[in-house]
**Q** 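Sending over a structure as C-alpha coordinates; questions will come in a sec.
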Number of protein chains: 2
Amino acid sequence: MDQLRDTLKVHHLRTTTCREDVLSTFINRKNALSHGDLEGALGENYDRVTIYRTLKTFLEKGIIHKVLDDEGLRYALCSHSCSEEKHQHDHIHFKCSACGETNCLENLHIPAVQLPEGYFPEHFNLLIQGVCPKCN
Amino acid sequence: MDQLRDTLKVHHLRTTTCREDVLSTFINRKNALSHGDLEGALGENYDRVTIYRTLKTFLEKGIIHKVLDDEGLRYALCSHSCSEEKHQHDHIHFKCSACGETNCLENLHIPAVQLPEGYFPEHFNLLIQGVCPKCN
DNA sequence: AAATATTCTGCAACCCCGTTGCAAGTTCGG
DNA sequence: CCGAACTTGCAACGGGGTTGCAGAATATTT
(Lines give C-alpha, C1' and ligand atoms only; values in the text may rest on other atoms or scores of the structure.)
Protein backbone atom coordinates (compact mmCIF):
# COMPACT_ATOMS: atom_id res chain seq x y z
CA MET A 1 0.00 0.00 0.00
CA ASP A 2 2.55 2.50 1.12
CA GLN A 3 4.83 1.26 -1.60
CA LEU A 4 2.28 2.35 -4.16
CA ARG A 5 2.07 5.79 -2.64
CA ASP A 6 5.81 6.06 -2.53
CA THR A 7 6.11 5.15 -6.20
CA LEU A 8 3.60 7.83 -7.08
CA LYS A 9 5.26 10.38 -4.84
CA VAL A 10 8.68 9.73 -6.34
CA HIS A 11 7.25 10.63 -9.73
CA HIS A 12 5.50 13.73 -8.42
CA LEU A 13 2.01 12.41 -8.82
CA ARG A 14 -0.88 12.86 -6.43
CA THR A 15 -2.11 9.69 -4.84
CA THR A 16 -5.56 8.79 -6.07
CA THR A 17 -7.34 5.49 -5.80
CA CYS A 18 -7.39 5.07 -9.55
CA ARG A 19 -3.64 5.43 -9.84
CA GLU A 20 -3.09 3.07 -6.93
CA ASP A 21 -5.40 0.48 -8.46
CA VAL A 22 -3.86 0.70 -11.92
CA LEU A 23 -0.39 0.43 -10.47
CA SER A 24 -1.22 -2.55 -8.29
CA THR A 25 -2.87 -4.29 -11.23
CA PHE A 26 0.39 -4.01 -13.14
CA ILE A 27 2.26 -5.39 -10.15
CA ASN A 28 -0.10 -8.30 -9.48
CA ARG A 29 -0.44 -9.53 -13.02
CA LYS A 30 3.11 -9.78 -14.21
CA ASN A 31 2.49 -9.46 -17.93
CA ALA A 32 1.92 -6.58 -20.30
CA LEU A 33 -1.58 -5.09 -20.18
CA SER A 34 -3.69 -3.27 -22.72
CA HIS A 35 -6.13 -0.53 -21.89
CA GLY A 36 -8.85 -3.11 -22.43
CA ASP A 37 -7.35 -5.40 -19.82
CA LEU A 38 -7.38 -2.62 -17.27
CA GLU A 39 -10.87 -1.60 -18.19
CA GLY A 40 -11.92 -5.19 -17.65
CA ALA A 41 -10.28 -5.25 -14.25
CA LEU A 42 -11.24 -1.80 -13.01
CA GLY A 43 -13.87 -0.54 -15.42
CA GLU A 44 -16.67 -0.65 -12.93
CA ASN A 45 -14.85 1.66 -10.60
CA TYR A 46 -13.39 4.16 -13.03
CA ASP A 47 -14.29 5.83 -16.26
CA ARG A 48 -12.55 4.71 -19.46
CA VAL A 49 -11.16 8.17 -19.95
CA THR A 50 -9.59 8.21 -16.52
CA ILE A 51 -7.80 4.95 -17.25
CA TYR A 52 -6.53 6.34 -20.56
CA ARG A 53 -5.23 9.42 -18.80
CA THR A 54 -3.64 7.38 -16.04
CA LEU A 55 -1.78 5.30 -18.63
CA LYS A 56 -0.66 8.43 -20.43
CA THR A 57 0.58 9.98 -17.21
CA PHE A 58 2.42 6.83 -16.16
CA LEU A 59 4.06 6.69 -19.60
CA GLU A 60 5.26 10.28 -19.38
CA LYS A 61 6.58 9.85 -15.87
CA GLY A 62 8.48 6.69 -16.71
CA ILE A 63 6.47 4.26 -14.61
CA ILE A 64 5.40 2.10 -17.55
CA HIS A 65 6.60 1.63 -21.12
CA LYS A 66 4.91 0.74 -24.38
CA VAL A 67 5.05 -2.79 -25.69
CA LEU A 68 4.49 -3.06 -29.42
CA ASP A 69 2.18 -5.69 -30.75
CA ASP A 70 0.74 -6.59 -34.11
CA GLU A 71 -2.77 -6.16 -32.83
CA GLY A 72 -2.69 -3.24 -30.47
CA LEU A 73 -0.63 -1.44 -27.92
CA ARG A 74 0.21 -2.76 -24.48
CA TYR A 75 2.01 -1.44 -21.47
CA ALA A 76 4.33 -2.93 -18.87
CA LEU A 77 6.10 -1.71 -15.76
CA CYS A 78 9.54 -0.24 -16.14
CA SER A 79 11.77 -2.40 -13.98
CA HIS A 80 14.42 0.08 -13.01
CA SER A 81 12.25 3.08 -12.78
CA CYS A 82 12.74 5.39 -15.68
CA SER A 83 12.53 9.13 -15.36
CA GLU A 84 10.48 11.71 -17.17
CA GLU A 85 13.53 12.64 -19.19
CA LYS A 86 14.79 9.24 -20.12
CA HIS A 87 13.20 5.93 -20.89
CA GLN A 88 15.78 3.20 -21.17
CA HIS A 89 14.67 -0.21 -22.38
CA ASP A 90 16.66 -2.74 -24.25
CA HIS A 91 15.00 -5.95 -23.22
CA ILE A 92 13.05 -8.38 -25.36
CA HIS A 93 9.28 -8.88 -25.38
CA PHE A 94 7.78 -12.29 -25.98
CA LYS A 95 4.19 -12.83 -27.06
CA CYS A 96 2.73 -16.31 -26.80
CA SER A 97 0.50 -17.29 -29.69
CA ALA A 98 -1.27 -19.84 -27.51
CA CYS A 99 -2.23 -17.99 -24.33
CA GLY A 100 -1.89 -14.52 -25.82
CA GLU A 101 0.21 -13.16 -22.98
CA THR A 102 3.02 -10.75 -23.64
CA ASN A 103 5.90 -10.62 -21.20
CA CYS A 104 9.10 -8.71 -20.69
CA LEU A 105 12.22 -10.84 -20.71
CA GLU A 106 14.12 -8.44 -18.53
CA ASN A 107 17.29 -10.44 -18.53
CA LEU A 108 17.58 -10.68 -22.27
CA HIS A 109 18.61 -7.55 -24.03
CA ILE A 110 18.48 -6.80 -27.67
CA PRO A 111 21.74 -7.63 -29.45
CA ALA A 112 23.68 -4.78 -30.98
CA VAL A 113 23.07 -4.10 -34.66
CA GLN A 114 25.49 -2.54 -37.09
CA LEU A 115 23.41 -0.01 -39.02
CA PRO A 116 24.51 1.49 -42.34
CA GLU A 117 26.13 4.92 -42.51
CA GLY A 118 23.82 7.77 -41.60
CA TYR A 119 21.38 5.97 -39.34
CA PHE A 120 21.21 7.20 -35.74
CA PRO A 121 19.25 4.78 -33.58
CA GLU A 122 17.50 5.93 -30.43
CA HIS A 123 15.00 3.29 -29.36
CA PHE A 124 14.82 -0.43 -29.93
CA ASN A 125 11.82 -2.69 -29.81
CA LEU A 126 12.08 -6.42 -30.39
CA LEU A 127 8.99 -8.58 -30.25
CA ILE A 128 9.35 -12.32 -30.55
CA GLN A 129 6.19 -14.33 -31.14
CA GLY A 130 5.97 -18.03 -30.45
CA VAL A 131 5.02 -20.46 -27.70
CA CYS A 132 5.91 -19.81 -24.09
CA PRO A 133 7.00 -22.36 -21.46
CA LYS A 134 3.55 -22.51 -19.88
CA CYS A 135 1.90 -23.51 -23.15
CA ASN A 136 3.81 -26.45 -24.54
CA MET B 1 1.52 -3.06 -65.73
CA ASP B 2 1.80 -6.64 -66.77
CA GLN B 3 4.08 -7.21 -63.83
CA LEU B 4 1.29 -6.19 -61.51
CA ARG B 5 -1.09 -8.62 -63.14
CA ASP B 6 1.47 -11.37 -62.96
CA THR B 7 2.03 -10.80 -59.26
CA LEU B 8 -1.68 -11.02 -58.64
CA LYS B 9 -2.04 -14.08 -60.80
CA VAL B 10 0.80 -15.89 -59.04
CA HIS B 11 -1.10 -15.48 -55.80
CA HIS B 12 -4.40 -16.60 -57.34
CA LEU B 13 -6.07 -13.24 -57.15
CA ARG B 14 -8.28 -11.66 -59.77
CA THR B 15 -6.90 -8.56 -61.37
CA THR B 16 -8.90 -5.53 -60.40
CA THR B 17 -7.98 -1.90 -60.69
CA CYS B 18 -8.02 -1.47 -56.93
CA ARG B 19 -5.53 -4.25 -56.37
CA GLU B 20 -3.32 -2.99 -59.16
CA ASP B 21 -3.37 0.52 -57.73
CA VAL B 22 -2.64 -0.58 -54.17
CA LEU B 23 0.19 -2.79 -55.36
CA SER B 24 1.75 -0.10 -57.50
CA THR B 25 1.50 2.39 -54.65
CA PHE B 26 3.56 0.03 -52.52
CA ILE B 27 6.08 -0.32 -55.35
CA ASN B 28 6.37 3.39 -56.10
CA ARG B 29 6.70 4.64 -52.56
CA LYS B 30 9.37 2.44 -51.14
CA ASN B 31 8.44 2.75 -47.48
CA ALA B 32 5.91 1.06 -45.24
CA LEU B 33 2.36 2.33 -45.63
CA SER B 34 -0.59 2.53 -43.30
CA HIS B 35 -4.18 2.16 -44.36
CA GLY B 36 -4.47 5.90 -43.96
CA ASP B 37 -1.62 6.48 -46.40
CA LEU B 38 -3.36 4.39 -49.01
CA GLU B 39 -6.67 6.04 -48.37
CA GLY B 40 -4.96 9.37 -48.88
CA ALA B 41 -3.48 8.23 -52.15
CA LEU B 42 -6.42 6.30 -53.55
CA GLY B 43 -9.36 7.22 -51.37
CA GLU B 44 -11.17 9.14 -54.06
CA ASN B 45 -11.24 6.13 -56.30
CA TYR B 46 -12.05 3.37 -53.86
CA ASP B 47 -14.05 2.85 -50.73
CA ARG B 48 -12.25 2.59 -47.37
CA VAL B 49 -13.61 -0.88 -46.90
CA THR B 50 -12.23 -2.09 -50.20
CA ILE B 51 -8.78 -0.87 -49.25
CA TYR B 52 -9.02 -2.66 -45.90
CA ARG B 53 -10.02 -5.85 -47.64
CA THR B 54 -7.30 -5.51 -50.22
CA LEU B 55 -4.71 -5.17 -47.46
CA LYS B 56 -6.11 -8.18 -45.65
CA THR B 57 -6.05 -10.25 -48.81
CA PHE B 58 -2.49 -9.22 -49.63
CA LEU B 59 -1.45 -10.13 -46.09
CA GLU B 60 -2.97 -13.56 -46.30
CA LYS B 61 -1.48 -14.26 -49.69
CA GLY B 62 1.99 -13.22 -48.64
CA ILE B 63 2.31 -10.12 -50.82
CA ILE B 64 2.78 -7.74 -47.90
CA HIS B 65 3.74 -8.10 -44.25
CA LYS B 66 2.90 -6.21 -41.08
CA VAL B 67 5.35 -3.69 -39.68
CA LEU B 68 5.13 -2.84 -36.00
CA ASP B 69 4.85 0.76 -35.02
CA ASP B 70 4.33 2.62 -31.80
CA GLU B 71 1.35 4.46 -33.19
CA GLY B 72 -0.43 2.06 -35.51
CA LEU B 73 0.10 -0.74 -37.92
CA ARG B 74 1.81 -0.44 -41.28
CA TYR B 75 2.45 -2.74 -44.17
CA ALA B 76 5.33 -3.29 -46.57
CA LEU B 77 6.00 -5.48 -49.57
CA CYS B 78 7.50 -8.89 -48.99
CA SER B 79 10.73 -8.87 -50.92
CA HIS B 80 11.11 -12.52 -51.75
CA SER B 81 7.49 -13.24 -52.22
CA CYS B 82 6.08 -15.18 -49.35
CA SER B 83 3.43 -17.81 -49.78
CA GLU B 84 0.07 -18.24 -48.17
CA GLU B 85 1.52 -20.93 -45.94
CA LYS B 86 4.68 -19.27 -44.85
CA HIS B 87 5.72 -15.74 -44.14
CA GLN B 88 9.43 -15.47 -43.59
CA HIS B 89 10.89 -12.18 -42.43
CA ASP B 90 13.97 -11.59 -40.40
CA HIS B 91 14.95 -8.10 -41.50
CA ILE B 92 15.02 -4.93 -39.46
CA HIS B 93 12.57 -2.03 -39.69
CA PHE B 94 13.69 1.52 -39.13
CA LYS B 95 11.35 4.37 -38.30
CA CYS B 96 12.61 7.93 -38.57
CA SER B 97 11.41 10.24 -35.83
CA ALA B 98 11.98 13.25 -38.08
CA CYS B 99 10.25 12.41 -41.36
CA GLY B 100 8.08 9.68 -39.92
CA GLU B 101 8.91 7.16 -42.63
CA THR B 102 9.32 3.51 -41.81
CA ASN B 103 11.52 1.40 -44.04
CA CYS B 104 12.61 -2.18 -44.38
CA LEU B 105 16.34 -2.69 -44.11
CA GLU B 106 16.29 -5.84 -46.18
CA ASN B 107 19.99 -6.47 -45.93
CA LEU B 108 20.12 -6.36 -42.17
CA HIS B 109 18.68 -9.31 -40.40
CA ILE B 110 17.86 -9.70 -36.79
CA PRO B 111 20.70 -11.27 -34.79
CA ALA B 112 20.06 -14.64 -33.19
CA VAL B 113 18.83 -14.59 -29.60
CA GLN B 114 19.36 -17.31 -27.02
CA LEU B 115 16.00 -17.71 -25.33
CA PRO B 116 15.56 -19.45 -21.97
CA GLU B 117 14.43 -23.07 -21.77
CA GLY B 118 10.88 -23.65 -22.93
CA TYR B 119 10.44 -20.75 -25.32
CA PHE B 120 9.77 -21.64 -28.95
CA PRO B 121 10.11 -18.60 -31.18
CA GLU B 122 8.29 -18.38 -34.50
CA HIS B 123 8.34 -14.78 -35.68
CA PHE B 124 10.66 -11.89 -35.03
CA ASN B 125 9.96 -8.20 -35.35
CA LEU B 126 12.58 -5.59 -34.61
CA LEU B 127 11.77 -1.91 -34.91
CA ILE B 128 14.52 0.62 -34.48
CA GLN B 129 13.52 4.26 -34.06
CA GLY B 130 15.88 7.13 -34.66
CA VAL B 131 17.01 9.48 -37.39
CA CYS B 132 17.50 8.28 -40.95
CA PRO B 133 20.21 9.38 -43.41
CA LYS B 134 17.87 11.77 -45.21
CA CYS B 135 17.09 13.70 -42.04
CA ASN B 136 20.36 14.63 -40.41
C1' DA C 1 -20.05 -14.54 -77.92
C1' DA C 2 -23.29 -15.57 -74.21
C1' DA C 3 -24.33 -17.70 -69.90
C1' DT C 4 -22.81 -19.18 -65.56
C1' DA C 5 -20.44 -19.44 -61.31
C1' DT C 6 -17.38 -17.09 -58.57
C1' DT C 7 -15.36 -13.31 -56.65
C1' DC C 8 -14.99 -8.29 -55.68
C1' DT C 9 -16.85 -3.73 -54.61
C1' DG C 10 -19.65 -0.07 -52.46
C1' DC C 11 -22.86 1.20 -49.15
C1' DA C 12 -24.80 1.30 -44.66
C1' DA C 13 -24.30 0.23 -40.22
C1' DC C 14 -21.89 -0.86 -36.33
C1' DC C 15 -18.41 -1.32 -32.42
C1' DC C 16 -13.96 -0.23 -30.31
C1' DC C 17 -10.04 2.92 -29.57
C1' DG C 18 -8.40 7.11 -28.08
C1' DT C 19 -8.88 12.19 -27.42
C1' DT C 20 -10.80 16.80 -25.97
C1' DG C 21 -13.56 20.44 -23.31
C1' DC C 22 -15.76 21.49 -19.42
C1' DA C 23 -17.80 21.44 -14.79
C1' DA C 24 -17.55 19.26 -10.41
C1' DG C 25 -14.75 16.89 -7.11
C1' DT C 26 -10.31 15.81 -4.74
C1' DT C 27 -5.55 16.45 -3.10
C1' DC C 28 -2.05 18.98 -0.88
C1' DG C 29 0.44 22.93 1.00
C1' DG C 30 0.18 26.68 3.93
C1' DC D 1 -9.44 24.65 7.13
C1' DC D 2 -8.74 27.45 2.99
C1' DG D 3 -7.35 28.17 -1.63
C1' DA D 4 -4.66 26.84 -5.60
C1' DA D 5 -3.65 23.16 -8.36
C1' DC D 6 -4.69 19.01 -10.05
C1' DT D 7 -7.80 14.92 -11.16
C1' DT D 8 -12.11 12.82 -12.40
C1' DG D 9 -16.52 11.89 -14.86
C1' DC D 10 -19.49 13.04 -18.43
C1' DA D 11 -20.69 14.06 -23.05
C1' DA D 12 -19.26 14.33 -27.41
C1' DC D 13 -16.46 13.53 -31.22
C1' DG D 14 -13.27 11.55 -34.99
C1' DG D 15 -10.89 7.67 -36.61
C1' DG D 16 -9.85 2.75 -37.13
C1' DG D 17 -11.49 -1.46 -38.41
C1' DT D 18 -15.24 -5.07 -39.30
C1' DT D 19 -19.59 -7.25 -41.11
C1' DG D 20 -23.82 -8.20 -44.13
C1' DC D 21 -25.82 -7.62 -48.18
C1' DA D 22 -27.00 -6.37 -52.91
C1' DG D 23 -25.12 -5.14 -57.17
C1' DA D 24 -21.07 -5.14 -60.32
C1' DA D 25 -17.05 -7.09 -62.33
C1' DT D 26 -14.12 -11.10 -63.50
C1' DA D 27 -13.08 -15.62 -65.07
C1' DT D 28 -14.73 -19.97 -67.06
C1' DT D 29 -17.36 -22.90 -69.75
C1' DT D 30 -19.79 -24.07 -73.76
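Chain letters run A, B, ... following the sequence lines, proteins first, then strands; residues in each count from 1.
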**Q** Under the salt bridge (charged side-chain N to carboxylate O under 4.0 Å, His left out) rule, what pairs show up with a residue in residues 127-136 of chain B, not counting sequence neighbours?
**A** B:Glu101-B:Lys134

**Q** Could you go through residues 43-59 of chain A and list every donor-acceptor pair under 3.5 Å that involves a side-chain atom there, pairing it with any protein atom two or more places apart or in another chain?
**A**
residue: A:Tyr46; atom: OH; partner: A:Thr17; partner atom: O; Å: 3.4
residue: A:Tyr46; atom: OH; partner: A:Thr17; partner atom: OG1; Å: 3.2
residue: A:Tyr46; atom: OH; partner: A:Asp21; partner atom: OD2; Å: 2.7
residue: A:Asp47; atom: OD2; partner: A:Val49; partner atom: N; Å: 2.9
residue: A:Thr54; atom: OG1; partner: A:Thr50; partner atom: O; Å: 2.7
residue: A:Thr57; atom: OG1; partner: A:Arg53; partner atom: O; Å: 2.8

**Q** Taking only residues at least two apart or on different chains, which pairs with a member in residues 70-80 of chain A satisfy salt bridge (charged side-chain N to carboxylate O under 4.0 Å, His left out)?
**A** A:Asp69-A:Arg74, A:Asp70-A:Lys95, A:Glu71-A:Lys95

**Q** Indicate the atoms forming the closest heavy-atom contact of A:His11 with A:Thr7, along with that distance.
**A** CD2-O, 3.0 Å

**Q** Could you pull out all donor-acceptor pairs under 3.5 Å where a side-chain atom in residues 106-132 of chain A meets a protein atom, sequence neighbours excluded?
**A**
residue: A:Glu106; atom: OE1; partner: A:Ser79; partner atom: OG; Å: 3.2
residue: A:His109; atom: ND1; partner: A:Asp90; partner atom: OD2; Å: 3.2

**Q** Which nucleotide span of DNA chain C, 5' end to 3' end, has atoms closer than 4.0 Å to non-hydrogen atoms of chain B?
**A** C:dT6 to C:dA12

**Q** Which atoms form the tightest heavy-atom contact between B:Thr25 and B:Ala41, and what is the distance?
**A** CG2-CB, 4.5 Å

**Q** Quick one, give me the B/S/- string for nucleotides 25-30 of chain D, reading 5' to 3', where B means a protein heavy atom under 4.0 Å from the base and S means that only happens at the primed atoms, P, OP1 or OP2.
**A** BBS---

**Q** Could you go through the side chain to side chain contact (heavy atoms under 4.5 Å, CB included) check for A:Phe26 and A:Leu38 one step at a time?
**A** CA-CA 9 Å; A:Phe26 272 111; A:Leu38 289 162; 4.1 Å; yes

**Q** For nucleotides 16-23 of chain D, read 5' to 3', which letter fits each nucleotide if B means a protein heavy atom sits under 4.0 Å from the base, S means only the sugar-phosphate is that close, and - means neither?
**A** SBBBB---

**Q** Between atom NE2 in A:His12 and atom C1' in D:dT7, what is the gap in whole Å?
**A** 18 Å

**Q** Estimate the overall bend of the helix from C:dA1-D:dT30 to C:dG30-D:dC1 from the end axes over five pairs each, rounded to 10 degrees.
**A** 30°

**Q** Mark yes or no for whether B:His93, through its side chain, and B:Leu68, through its backbone, hold a donor-acceptor pair below 3.5 Å.
**A** no

**Q** Provide the full list of salt bridge (charged side-chain N to carboxylate O under 4.0 Å, His left out) pairs with a residue in residues 31-42 of chain B, sequence neighbours left out, each pair given once.
**A** none

